Amino acid sequence: MDVESAKLIGMALAVGLGVIGPGIGIGIIAGKALEAIGRNPEVENTIRTNMLLGIAFAEALAIFSLIVAFIIKFV
Amino acid sequence: MEISLAAETVFKVGNFPITNSVLTTWVVMAVFLLLALLSRRVSLVPRQLQNVVEILVLWLYDLTRSIINNDKIARRIFPLMAVFFVFILVSSLSGLIPGAGSIGIFHVVDGHKTLIPLFRAPTSDLNTTFALAIISATVYTFLGVSTIGFIEYTKKFVRLSSPIDFFVGILEFISEFSKIISFGFRLFGNIFAGEVLISVVTFLVPYILPAPLYGFEIFVAFIQAFVFTVLSIVFTALAIQRHEAEHAEPVEHESQPDAATTLINQTNN
(Lines give C-alpha, C1' and ligand atoms only; values in the text may rest on other atoms or scores of the structure.)
Protein backbone atom coordinates (compact mmCIF):
# COMPACT_ATOMS: atom_id res chain seq x y z
CA MET A 1 0.00 0.00 0.00
CA ASP A 2 1.44 3.37 -0.94
CA VAL A 3 1.40 6.34 1.40
CA GLU A 4 -1.37 8.19 -0.46
CA SER A 5 -3.93 5.39 -0.18
CA ALA A 6 -2.97 4.74 3.45
CA LYS A 7 -3.64 8.43 4.11
CA LEU A 8 -7.09 8.21 2.52
CA ILE A 9 -8.00 5.12 4.56
CA GLY A 10 -6.68 6.76 7.72
CA MET A 11 -8.74 9.89 7.03
CA ALA A 12 -11.92 7.89 6.47
CA LEU A 13 -11.31 5.82 9.61
CA ALA A 14 -10.62 8.93 11.72
CA VAL A 15 -13.91 10.58 10.75
CA GLY A 16 -15.99 7.42 10.64
CA LEU A 17 -14.96 6.13 14.05
CA GLY A 18 -14.74 9.55 15.65
CA VAL A 19 -18.31 10.46 14.77
CA ILE A 20 -19.88 7.40 16.44
CA GLY A 21 -19.50 8.65 20.01
CA PRO A 22 -20.73 12.22 19.48
CA GLY A 23 -23.63 10.81 17.43
CA ILE A 24 -24.79 8.70 20.35
CA GLY A 25 -24.17 11.61 22.71
CA ILE A 26 -26.21 14.11 20.70
CA GLY A 27 -29.02 11.59 20.46
CA ILE A 28 -29.08 11.14 24.21
CA ILE A 29 -28.93 14.91 24.85
CA ALA A 30 -31.77 15.73 22.46
CA GLY A 31 -33.85 12.79 23.66
CA LYS A 32 -33.48 13.71 27.31
CA ALA A 33 -34.18 17.38 26.55
CA LEU A 34 -37.40 16.46 24.74
CA GLU A 35 -38.35 14.25 27.66
CA ALA A 36 -37.76 17.14 30.03
CA ILE A 37 -39.81 19.53 27.87
CA GLY A 38 -42.61 16.98 27.79
CA ARG A 39 -42.61 16.75 31.56
CA ASN A 40 -42.23 20.45 32.20
CA PRO A 41 -43.20 22.55 29.17
CA GLU A 42 -42.92 25.93 30.98
CA VAL A 43 -39.12 25.83 31.04
CA GLU A 44 -38.81 24.96 27.35
CA ASN A 45 -36.61 27.99 26.59
CA THR A 46 -34.04 27.24 29.30
CA ILE A 47 -33.92 23.58 28.35
CA ARG A 48 -33.50 24.41 24.68
CA THR A 49 -30.57 26.76 25.37
CA ASN A 50 -28.86 24.21 27.58
CA MET A 51 -29.56 21.46 25.06
CA LEU A 52 -27.89 23.45 22.30
CA LEU A 53 -24.92 24.10 24.59
CA GLY A 54 -24.62 20.38 25.35
CA ILE A 55 -24.96 19.47 21.69
CA ALA A 56 -22.22 21.97 20.82
CA PHE A 57 -19.94 20.23 23.34
CA ALA A 58 -20.65 16.78 21.95
CA GLU A 59 -20.29 18.05 18.42
CA ALA A 60 -16.90 19.53 19.25
CA LEU A 61 -15.56 15.99 19.70
CA ALA A 62 -16.72 15.03 16.22
CA ILE A 63 -15.11 18.23 14.94
CA PHE A 64 -11.80 17.22 16.59
CA SER A 65 -11.77 13.97 14.65
CA LEU A 66 -12.65 15.90 11.50
CA ILE A 67 -9.64 18.17 12.08
CA VAL A 68 -7.41 15.13 12.57
CA ALA A 69 -8.73 13.80 9.27
CA PHE A 70 -8.00 17.11 7.54
CA ILE A 71 -4.49 17.13 8.97
CA ILE A 72 -3.91 13.58 7.73
CA LYS A 73 -5.18 14.51 4.28
CA PHE A 74 -3.63 17.92 3.69
CA VAL A 75 -0.50 18.18 5.83
CA MET B 1 -10.90 21.93 -5.78
CA GLU B 2 -8.32 23.51 -3.51
CA ILE B 3 -8.69 23.25 0.26
CA SER B 4 -5.92 24.60 2.41
CA LEU B 5 -5.82 24.12 6.16
CA ALA B 6 -3.63 27.17 6.76
CA ALA B 7 -4.37 30.69 5.64
CA GLU B 8 -2.52 31.65 2.46
CA THR B 9 -0.10 34.56 2.22
CA VAL B 10 -1.46 37.26 -0.09
CA PHE B 11 1.46 39.67 0.06
CA LYS B 12 4.37 40.54 2.29
CA VAL B 13 5.23 43.73 4.13
CA GLY B 14 8.99 43.43 4.51
CA ASN B 15 9.42 39.97 5.97
CA PHE B 16 5.99 39.91 7.57
CA PRO B 17 3.47 37.82 5.66
CA ILE B 18 -0.06 39.22 5.37
CA THR B 19 -2.47 36.30 5.03
CA ASN B 20 -5.98 36.49 3.63
CA SER B 21 -7.52 35.91 7.07
CA VAL B 22 -5.66 38.95 8.38
CA LEU B 23 -7.08 40.99 5.49
CA THR B 24 -10.60 39.86 6.40
CA THR B 25 -9.95 40.66 10.06
CA TRP B 26 -9.18 44.23 9.00
CA VAL B 27 -12.45 44.38 7.09
CA VAL B 28 -14.33 43.11 10.16
CA MET B 29 -12.51 45.68 12.30
CA ALA B 30 -13.49 48.41 9.83
CA VAL B 31 -17.14 47.38 10.22
CA PHE B 32 -16.86 47.70 13.99
CA LEU B 33 -15.06 51.03 13.68
CA LEU B 34 -17.95 52.29 11.57
CA LEU B 35 -20.44 51.08 14.19
CA ALA B 36 -18.39 52.78 16.92
CA LEU B 37 -18.42 56.05 14.98
CA LEU B 38 -22.17 55.70 14.50
CA SER B 39 -22.56 55.30 18.27
CA ARG B 40 -21.77 59.03 18.62
CA ARG B 41 -25.25 59.65 17.31
CA VAL B 42 -27.10 57.62 19.94
CA SER B 43 -30.39 59.09 21.02
CA LEU B 44 -32.40 58.48 24.15
CA VAL B 45 -35.23 57.11 22.04
CA PRO B 46 -33.61 54.28 20.03
CA ARG B 47 -34.27 53.91 16.34
CA GLN B 48 -33.59 51.08 13.87
CA LEU B 49 -29.94 50.04 14.21
CA GLN B 50 -29.64 51.37 17.75
CA ASN B 51 -32.58 49.16 18.73
CA VAL B 52 -30.88 46.04 17.44
CA VAL B 53 -27.59 46.85 19.16
CA GLU B 54 -29.35 47.66 22.44
CA ILE B 55 -31.24 44.36 22.40
CA LEU B 56 -27.96 42.48 21.79
CA VAL B 57 -26.07 44.36 24.51
CA LEU B 58 -28.84 43.93 27.08
CA TRP B 59 -29.20 40.23 26.29
CA LEU B 60 -25.45 39.68 26.65
CA TYR B 61 -25.31 41.69 29.88
CA ASP B 62 -28.17 39.72 31.43
CA LEU B 63 -26.46 36.51 30.37
CA THR B 64 -23.14 37.55 31.93
CA ARG B 65 -24.80 38.64 35.16
CA SER B 66 -26.90 35.50 35.48
CA ILE B 67 -23.83 33.26 35.23
CA ILE B 68 -21.37 35.32 37.30
CA ASN B 69 -23.69 36.27 40.20
CA ASN B 70 -21.37 39.15 41.10
CA ASP B 71 -22.30 42.55 39.70
CA LYS B 72 -18.85 44.11 40.03
CA ILE B 73 -16.98 41.37 38.16
CA ALA B 74 -19.82 40.95 35.66
CA ARG B 75 -19.47 44.63 34.79
CA ARG B 76 -15.70 44.26 34.44
CA ILE B 77 -15.67 41.32 32.05
CA PHE B 78 -18.86 42.14 30.15
CA PRO B 79 -17.17 44.34 27.48
CA LEU B 80 -14.68 41.61 26.59
CA MET B 81 -17.35 38.90 26.47
CA ALA B 82 -19.58 41.07 24.28
CA VAL B 83 -16.65 41.67 21.94
CA PHE B 84 -15.96 37.92 21.80
CA PHE B 85 -19.55 37.27 20.78
CA VAL B 86 -19.82 40.03 18.20
CA PHE B 87 -16.35 39.52 16.73
CA ILE B 88 -16.69 35.75 16.37
CA LEU B 89 -20.18 36.08 14.93
CA VAL B 90 -19.27 38.70 12.33
CA SER B 91 -16.01 37.01 11.34
CA SER B 92 -17.68 33.61 10.99
CA LEU B 93 -20.42 35.14 8.86
CA SER B 94 -17.85 37.00 6.74
CA GLY B 95 -16.70 33.66 5.35
CA LEU B 96 -20.21 32.95 4.06
CA ILE B 97 -20.45 36.13 1.99
CA PRO B 98 -20.24 35.17 -1.70
CA GLY B 99 -16.77 36.17 -2.91
CA ALA B 100 -14.92 35.16 0.23
CA GLY B 101 -12.79 32.23 -0.87
CA SER B 102 -13.56 32.66 -4.57
CA ILE B 103 -12.21 36.13 -5.42
CA GLY B 104 -8.44 36.01 -5.50
CA ILE B 105 -5.15 36.29 -7.30
CA PHE B 106 -3.46 33.52 -9.28
CA HIS B 107 -0.03 32.59 -8.00
CA VAL B 108 2.37 30.00 -9.31
CA VAL B 109 3.13 27.57 -6.49
CA ASP B 110 5.32 24.49 -7.17
CA GLY B 111 5.00 24.90 -10.92
CA HIS B 112 1.19 25.00 -11.23
CA LYS B 113 -1.21 27.93 -11.06
CA THR B 114 -3.28 28.13 -7.90
CA LEU B 115 -5.89 30.64 -6.80
CA ILE B 116 -5.07 32.45 -3.60
CA PRO B 117 -8.33 33.91 -2.25
CA LEU B 118 -8.23 37.48 -0.98
CA PHE B 119 -10.68 36.90 1.84
CA ARG B 120 -11.03 34.05 4.29
CA ALA B 121 -13.08 33.96 7.48
CA PRO B 122 -10.77 34.94 10.38
CA THR B 123 -12.24 32.18 12.56
CA SER B 124 -11.34 29.55 9.96
CA ASP B 125 -7.69 30.33 10.68
CA LEU B 126 -6.24 28.46 13.65
CA ASN B 127 -4.12 31.48 14.66
CA THR B 128 -7.16 33.69 15.27
CA THR B 129 -9.06 31.12 17.31
CA PHE B 130 -6.04 30.28 19.44
CA ALA B 131 -5.36 33.98 19.99
CA LEU B 132 -8.95 34.41 21.21
CA ALA B 133 -8.63 31.32 23.43
CA ILE B 134 -5.39 32.57 24.97
CA ILE B 135 -6.87 36.03 25.58
CA SER B 136 -9.85 34.44 27.29
CA ALA B 137 -7.67 32.14 29.42
CA THR B 138 -5.35 34.98 30.44
CA VAL B 139 -8.25 37.18 31.46
CA TYR B 140 -10.06 34.61 33.59
CA THR B 141 -6.85 33.45 35.25
CA PHE B 142 -5.88 37.06 36.00
CA LEU B 143 -9.37 37.85 37.32
CA GLY B 144 -9.30 34.72 39.47
CA VAL B 145 -5.94 35.62 40.96
CA SER B 146 -6.87 39.25 41.57
CA THR B 147 -10.25 38.38 43.12
CA ILE B 148 -9.41 35.56 45.52
CA GLY B 149 -5.64 36.05 45.81
CA PHE B 150 -2.70 34.12 44.40
CA ILE B 151 -2.38 31.62 47.26
CA GLU B 152 -6.09 30.90 47.32
CA TYR B 153 -6.03 30.42 43.54
CA THR B 154 -3.11 27.96 43.58
CA LYS B 155 -4.98 25.89 46.18
CA LYS B 156 -7.10 24.65 43.28
CA PHE B 157 -4.03 22.94 41.81
CA VAL B 158 -1.86 22.15 44.84
CA ARG B 159 -4.04 20.05 47.12
CA LEU B 160 -2.26 18.34 49.98
CA SER B 161 -5.16 16.95 51.98
CA SER B 162 -4.97 13.42 50.55
CA PRO B 163 -3.04 11.55 47.81
CA ILE B 164 -6.16 11.30 45.62
CA ASP B 165 -6.84 15.01 46.03
CA PHE B 166 -3.23 15.68 45.02
CA PHE B 167 -3.74 13.95 41.67
CA VAL B 168 -7.05 15.73 41.21
CA GLY B 169 -5.10 18.96 41.57
CA ILE B 170 -2.61 17.87 38.89
CA LEU B 171 -5.46 16.94 36.56
CA GLU B 172 -7.02 20.33 37.22
CA PHE B 173 -3.75 21.97 36.21
CA ILE B 174 -3.55 19.98 32.97
CA SER B 175 -7.18 20.78 32.21
CA GLU B 176 -6.32 24.49 32.29
CA PHE B 177 -4.25 23.88 29.14
CA SER B 178 -6.67 21.48 27.52
CA LYS B 179 -9.34 24.17 27.95
CA ILE B 180 -7.34 26.48 25.69
CA ILE B 181 -6.77 23.74 23.12
CA SER B 182 -10.40 22.69 22.99
CA PHE B 183 -11.47 26.36 22.86
CA GLY B 184 -9.31 27.00 19.83
CA PHE B 185 -10.04 23.76 17.99
CA ARG B 186 -13.80 23.85 18.62
CA LEU B 187 -14.25 27.24 17.01
CA PHE B 188 -11.77 26.63 14.18
CA GLY B 189 -13.11 23.16 13.45
CA ASN B 190 -16.75 24.16 13.30
CA ILE B 191 -16.24 27.13 11.00
CA PHE B 192 -13.60 25.52 8.80
CA ALA B 193 -15.56 22.25 8.49
CA GLY B 194 -18.62 24.25 7.51
CA GLU B 195 -16.76 25.99 4.72
CA VAL B 196 -15.27 22.73 3.45
CA LEU B 197 -18.70 21.11 3.63
CA ILE B 198 -20.27 23.84 1.51
CA SER B 199 -17.50 23.75 -1.10
CA VAL B 200 -17.65 19.92 -1.33
CA VAL B 201 -21.44 19.85 -1.58
CA THR B 202 -21.35 22.54 -4.27
CA PHE B 203 -19.41 20.08 -6.45
CA LEU B 204 -21.67 17.12 -5.65
CA VAL B 205 -25.19 18.61 -5.85
CA PRO B 206 -24.89 22.17 -7.17
CA TYR B 207 -27.65 24.79 -6.70
CA ILE B 208 -29.99 22.66 -4.54
CA LEU B 209 -28.15 21.33 -1.51
CA PRO B 210 -25.85 24.31 -0.71
CA ALA B 211 -28.82 26.63 0.02
CA PRO B 212 -30.10 24.89 3.20
CA LEU B 213 -26.51 24.26 4.27
CA TYR B 214 -25.87 28.01 4.09
CA GLY B 215 -28.74 28.50 6.52
CA PHE B 216 -27.26 25.82 8.76
CA GLU B 217 -23.84 27.49 8.69
CA ILE B 218 -25.36 30.83 9.73
CA PHE B 219 -26.95 28.97 12.65
CA VAL B 220 -23.59 27.33 13.47
CA ALA B 221 -21.90 30.75 13.46
CA PHE B 222 -24.41 31.99 16.06
CA ILE B 223 -24.10 28.84 18.17
CA GLN B 224 -20.30 28.87 18.16
CA ALA B 225 -20.10 32.56 19.06
CA PHE B 226 -22.58 31.88 21.87
CA VAL B 227 -20.70 28.79 23.08
CA PHE B 228 -17.35 30.61 23.13
CA THR B 229 -18.84 33.53 25.08
CA VAL B 230 -20.77 31.39 27.56
CA LEU B 231 -17.77 29.14 28.19
CA SER B 232 -15.52 32.16 28.81
CA ILE B 233 -18.06 33.50 31.32
CA VAL B 234 -18.46 30.11 33.00
CA PHE B 235 -14.69 29.67 33.32
CA THR B 236 -14.46 33.17 34.81
CA ALA B 237 -17.19 32.25 37.27
CA LEU B 238 -15.24 29.10 38.19
CA ALA B 239 -11.95 30.99 38.51
CA ILE B 240 -13.30 33.57 40.97
CA GLN B 241 -14.79 30.84 43.14
CA ARG B 242 -12.92 29.77 46.25
CA HIS B 243 -11.81 26.15 46.50
CA GLU B 244 -14.03 25.38 49.50
CA ALA B 245 -17.04 27.08 48.00
CA GLU B 246 -16.77 24.70 45.06
CA HIS B 247 -17.73 21.81 47.32
CA ALA B 248 -20.19 23.64 49.48
CA GLU B 249 -22.42 24.97 46.73
CA PRO B 250 -23.85 21.79 45.17
CA VAL B 251 -25.14 20.65 48.57
CA GLU B 252 -27.22 23.80 48.94
CA HIS B 253 -28.92 23.37 45.61
CA GLU B 254 -29.43 19.65 45.86
CA SER B 255 -32.38 19.73 48.21
CA GLN B 256 -34.56 21.90 45.99
CA PRO B 257 -34.42 20.01 42.67
CA ASP B 258 -34.86 16.76 44.56
CA ALA B 259 -38.11 17.93 46.03
CA ALA B 260 -39.18 19.18 42.62
CA THR B 261 -38.40 15.90 40.84
CA THR B 262 -40.19 13.82 43.46
CA LEU B 263 -43.20 16.11 43.08
CA ILE B 264 -43.11 15.66 39.30
CA ASN B 265 -42.72 11.90 39.67
CA GLN B 266 -45.65 11.78 42.04
CA THR B 267 -47.91 13.71 39.71
CA ASN B 268 -46.83 11.52 36.80
CA ASN B 269 -47.61 8.35 38.67
Side-chain angles (χ1 to χ4, degrees), chain A residues 3-4 7-23 25-75, chain B residues 1-8 59 62-63 66-67 88 123-126 129-130 133 178-179 181-197 199-200 216 219-234 257 260-269:
Chain A
V3 177
E4 196 55 40
K7 266 186 171 182
L8 285 175
I9 292 171
M11 179 192 177
L13 278 179
V15 175
L17 293 178
V19 159
I20 295 173
I26 291 173
I28 291 173
I29 293 167
K32 290 279 178 187
L34 288 179
E35 210 172 275
I37 292 172
R39 276 167 185 253
N40 201 353
E42 304 96 79
V43 286
E44 194 191 335
N45 281 326
T46 328
I47 292 173
R48 199 195 292 121
T49 317
N50 286 334
M51 180 189 81
L52 286 178
L53 211 62
I55 286 179
F57 273 118
E59 198 193 42
L61 298 176
I63 295 290
F64 288 167
S65 71
L66 195 65
I67 289 175
V68 170
F70 279 138
I71 290 173
I72 294 172
K73 181 78 171 41
F74 296 115
V75 179
Chain B
M1 188 170 51
E2 294 284 336
I3 296 167
S4 109
L5 206 58
E8 299 100 329
W59 173 67
D62 283 343
L63 185 80
S66 71
I67 297 176
I88 292 170
T123 39
S124 70
D125 181 0
L126 204 49
T129 60
F130 262 103
S178 66
K179 267 181 203 168
I181 294 170
S182 73
F183 247 152
F185 272 123
R186 181 182 300 121
L187 184 56
F188 165 73
N190 270 289
I191 306 302
F192 182 68
E195 284 179 6
V196 172
L197 184 71
S199 64
V200 168
F216 180 66
F219 174 68
V220 165
F222 267 101
I223 287 290
Q224 287 310 315
F226 180 68
V227 163
F228 194 98
T229 317
V230 166
L231 276 184
S232 301
I233 301 170
V234 167
T261 39
T262 43
L263 229 163
I264 289 165
N265 283 336
Q266 276 168 359
T267 45
N268 277 348
N269 293 335

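Only a predicted model underlies this, so the values are computations on that prediction, with no experimental measurement involved. Chain identifiers are assigned alphabetically (A, B, ...) following the order of the sequence lines, protein sequences preceding nucleic acid strands; residue numbering begins at 1 within each chain.
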Inset, instruction - Would you check if B:Phe192 and A:Leu66 make a side-chain contact, meaning some heavy-atom pair closer than 4.5 Å? - result: no
Legend entry - Part of A:Leu61 within contact of chain B (heavy atom distance under 4.5 Å): neither
Legend entry - side-chain contact (heavy atoms from CB on, under 4.5 Å) involving A:Ala69 - partner list, sequence neighbours excluded: A:Met11, A:Ala14, A:Val15
Legend entry - Residue pairs involving residues 45-58 of chain A (criterion side-chain hydrogen bond (donor to acceptor under 3.5 Å, both in side chains); sequence neighbours excluded): A:Glu44-A:Arg48, A:Asn45-A:Arg48
Legend entry - Toward chain A, the part of B:Leu187 with a non-hydrogen atom under 4.5 Å: neither
Inset, instruction - Using a 4.5 Å cut-off on heavy atoms from C-beta on, say whether the side chain of A:Ile63 contacts that of B:Phe185. - result: no
Legend entry - A:Phe64 versus B:Arg186, closest heavy-atom pair with distance: CE2-N, 3.8 Å
Inset, instruction - Please round to the nearest 0.5 Å and tell me the distance separating atom CZ of A:Phe57 and atom OG of B:Ser182. - result: 7.5 Å
Inset, instruction - Enumerate by number any residue of residues 26-37 of chain A whose heavy atoms lie under 4.5 Å from heavy atoms of chain B; in the absence of such residues, state 'none'. - result: none
Inset, instruction - Would you indicate whether the side-chain heavy atoms of A:Leu52 and B:Phe222 approach each other to under 4.5 Å? - result: no
Inset, instruction - List for me each residue that meets side-chain hydrogen bond (donor to acceptor under 3.5 Å, both in side chains) alongside B:Lys179, sequence neighbours excluded, and say none if there are none. - result: B:Glu176
Inset, instruction - Using a cut-off of under 4.5 Å on heavy-atom pairs, state which of B:Ile223, B:Leu5, B:Val227, B:Asn190 scores highest against chain A. - result: B:Asn190
